[in-house]
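The next block holds one structure in the form of structure tokens; read it before the comments.
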Amino acid sequence: MDTKTEIRERIEALRAFMKERGLAAFIVPSTDPHSGEYVPGHWESRKWISGFTGSAGTAVITLYNIGGLWTDSRYFLQAEEQLKDTGITLFKERMPETPSIPEWLGSVLPPGSEVGIDGWVNTTEEAISLRTELKSYGLQLTITEDPFAHIWEDRPNLPGSPAHILPLAYAGISASEKIQAIRRHLNQCNADSILVSALDEIAWTLNLRGNDVHCNPVFISYLLITPDEVTLFISPRKLTPEVSAYLSGNGIQTKDYAGIADEITHFTGKSLLVPPETNYALSASIPSSVSVIRTDSPVKYMKAIKNETEIKGFHEAMKRDGVAMVRFLMWLEQAVQSGKETETSIDEKLYGFRSGQDLFQGISFDTIAGYQAHGAIVHYEATPESASTLKPEGLLLLDSGAQYTDGTTDITRTIALGPVSEAQRTDYTLVLKGFIALSKAEFPEGTCGTQLDVLARQFMWKAGINYGHGTGHGVGHFLNVHEGPHQIRMNHIPAPLLPGMTITNEPGIYRAGQYGVRTENTMLIVPSQTTEFGEFYKFEPLTLCPIDKKPIRPDMMTPEEKAWLNAYHRKVYQELAPLLNPEEQKWLEGATAPI
């Protein structure tokens, strides 16, 4: 049976479930009970029902032989291909002609119809907003049990790998100190307890890591902190004797993961801080006697501002990652001449260079290696079937990263494999100019990423060009490669940029069917100056890797831009050369020579 036929059969199974429960439509998000961006296979229900494999998107199935999938511009090309012949229509988010999910349902369902969601994989905020919007179109929201528990045969089990301790030498602050700090923050919010469901927040708080989510070193759990107790809800099989002793020594008790709903139902505390991303099922379980404070988790902000040990770790991890990248780029220059290398073979080679580095713990996301036209697919992932063979011409977009015990890396380089067109050189230089402008930014205390986003886009906009994804995201410390609350993007994200935060800088241009260009560094926010106008901050590059000079159009670059690039390349050489052999040093000297 082909994949598309399988997808249609799965959709019919969901429709049978819906019919039994009187539902006219069912909404399937990409998330899990912990609002994760990347989720364990057990909760990849949207992927299973639609066949669309991108990390972001929401599927909607109706009883009436129609369905839709909403996703963002990173995945338009991919989704169009994967949804073909499934009966599911692609709806392009943030495009003027695209209706919202409630609006579309209002146009295709009879008035009074019930729309179902699973309360465990939808946040409280989403469920409340959805109920209100559906009501305005004459529709009702119904919370149901998980349909995929009934219709998904051979569904993957919940992951069972053990958690492990992140030594204090890398974490910098003990779990006990972090818990005390969280309690102080709770007092400021007039809350005495907090339910933490975000997996990276739990891992950071407890100085534990795991292997439950692909590329993200977290473990499935909940954490309840009250004035007198700290309880970790986790599957007992994930607790080694060492971890159990460590938790006990820090005054943390454990209970079974499956018992969280019962615990919240019988919660006797006075007040409970429930972050907006908490799933609806748990929020709805809180007794009416409890004062519920719905506000952001303080852990999110505490985790985003790296301590001195974490910052030192980032610097060390970036050096090792830079060495791996230099060795890879040096190898690629020769290997591409053979005409035998593909997008997948170079991914494997890069993995080999990284895995040889100390403290390597795996990749931080699936590598995006897009040659020529594939580079225009923002989140392209090569398969043996789709992988292009590299030729000594054109552009390769390579976005990759690694997890090390002392830091997480995320880097994109667009590489000229040989001659490139004038249009490619122009686009490459426009991206570089925006990248440099943002890298050089200095800004006052209180500035958010939205206010800086235009710096990266300004030169493209003058040329009538734009890109649909954000310009920058936070990066966790041996944690999730995408970390909030701060971002740099066009839509308003109010979280201020503060010293100690890490953030990426990654503008791009994508020409569908032709090529893509993106340049990305991870940066650290540091103090800049204090004047009578207040505190000012700036960015310090963490990533250490040459930026390909071959596709640059020097005539488009200002003296200041060239000076920044030359200074960055001097830093790359100074930091990495002592870690390389003479042949590698010579190659790096050429790659970082002044423009």
Side-chain angles (χ1 to χ4, degrees), residues 171-173 177-178 180-182 184-185 187-189 204 295-319 407 433-458 470-477 483-490 492-507 520-544 558-572 574-575:
I173 300 174
E177 290 174 286
K178 290 178 179 179
Q180 288 172 7
I182 292 167
R184 287 195 296 271
H185 279 278
N187 287 335
Q188 294 169 14
C189 301
W204 178 86
T295 189
D296 281 343
S297 165
V299 185
K300 184 185 295 186
Y301 293 87
M302 295 164 65
K303 174 173 56 65
I305 298 173
K306 310 301 184 286
N307 63 52
E308 287 182 15
T309 302
E310 291 172 324
I311 290 170
K312 182 184 175 187
F314 264 108
H315 282 295
E316 294 303 314
M318 293 290 175
K319 285 181 189 176
K433 285 170 72 70
F435 169 86
I436 292 172
L438 182 56
S439 298
K440 291 172 62 181
E442 299 199 31
F443 47 95
E445 181 181 13
T447 301
C448 69
T450 309
Q451 293 165 297
L452 300 184
D453 183 79
V454 66
L455 295 175
R457 299 177 192 263
Q458 57 183 314
T471 301
H473 58 81
V475 178
H477 175 261
E483 177 178 84
H486 58 298
Q487 296 182 45
I488 300 175
R489 58 189 316 120
M490 286 177 67
H492 184 52
I493 304 292
L497 301 176
L498 298 168
M501 286 179 166
T502 52
I503 194 156
T504 63
N505 172 4
E506 47 184 310
E520 175 189 19
N521 273 0
T522 301
M523 310 183 298
L524 176 70
I525 302 172
V526 297
S528 169
Q529 57 182 317
T530 303
T531 73
E532 69 266 36
F533 298 100
E535 298 292 327
F536 283 75
Y537 308 139
K538 62 183 178 180
F539 297 118
E540 174 188 302
L542 287 170
T543 302
L544 297 168
T558 67
E560 292 79 11
E561 289 166 343
K562 291 176 183 176
W564 184 93
L565 184 60
N566 291 339
Y568 173 69
H569 275 155
R570 275 197 304 276
K571 178 183 174 72
V572 170
Q574 288 165 2
E575 296 281 355

- Crowding at CD, Q188 (>12 non-hydrogen neighbours, <6.0 Å):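 Count over threshold, so yes.
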With the threshold set at 4.0 Å, does a side-chain nitrogen-carboxylate oxygen contact exist between K306 and E483?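 Yes, K306 and E483 are salt-bridged.
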Taking atom [atom1] of [X] and atom [atom2] of [Y], what is their separation to the nearest 0.5 Å?
X    : Y    : atom1 : atom2 : result
K562 : I436 : NZ    : CD1   : 11.0 Å
L544 : K319 : CG    : NZ    : 8.0 Å
I525 : I305 : CD1   : CD1   : 9.0 Å
K433 : L438 : NZ    : CG    : 14.5 Å

Write down the atom of [X], the atom of [Y], and the distance for their closest heavy-atom approach.
X    : Y    : result
G484 : A304 : O-CB, 3.7 Å
P494 : C448 : O-CB, 3.7 Å
L455 : A441 : CD1-CB, 3.7 Å

Look only at the side chain of [X] and the backbone of [Y], and say whether a donor-acceptor pair between them is shorter than 3.5 Å.
X    : Y    : value
T531 : F533 : yes
T543 : T522 : yes
T309 : A171 : no
E561 : T558 : yes
H486 : T502 : yes

With sequence neighbours excluded, what pairs up with N307 under the side chain to side chain donor-acceptor pair (under 3.5 Å) test?
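So N307 forms a side chain to side chain donor-acceptor pair (under 3.5 Å) with E310.
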>> Enumerate the side chain to side chain donor-acceptor pair (under 3.5 Å) contacts for residues 436-455, please, sequence neighbours excluded, ordered by first and then second residue.
In response: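 For residues 436-455, and leaving out neighbouring residues, the side chain to side chain donor-acceptor pair (under 3.5 Å) pairs sorted by first residue read S439-N505, E442-S528, D453-R457, D453-T471.
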Please walk me through it: do V299 and W204 pass side chain to side chain contact (heavy atoms under 4.5 Å, CB included)? CA-CA 9 Å; V299 185; W204 178 86; 3.8 Å; yes
inquiry  = Do H315 and E540 pair up side chain to side chain, a donor and an acceptor below 3.5 Å, judged on atom types alone?
reply    =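 Note: H315 and E540 side chains meet the donor-acceptor criterion.
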query = What class does the angle between the rings of F539 and F443 fall in, given that below 30° is parallel, 30 to 60° is tilted and above 60° is perpendicular?
reply =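 Answer is tilted, since the angle falls between 30° and 60°.
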Check: Can you find a heavy atom in the side chain of Y537 that is under 4.5 Å from one in the side chain of L497?
Finding: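 No - every pair of side-chain heavy atoms lies 4.5 Å or more apart.
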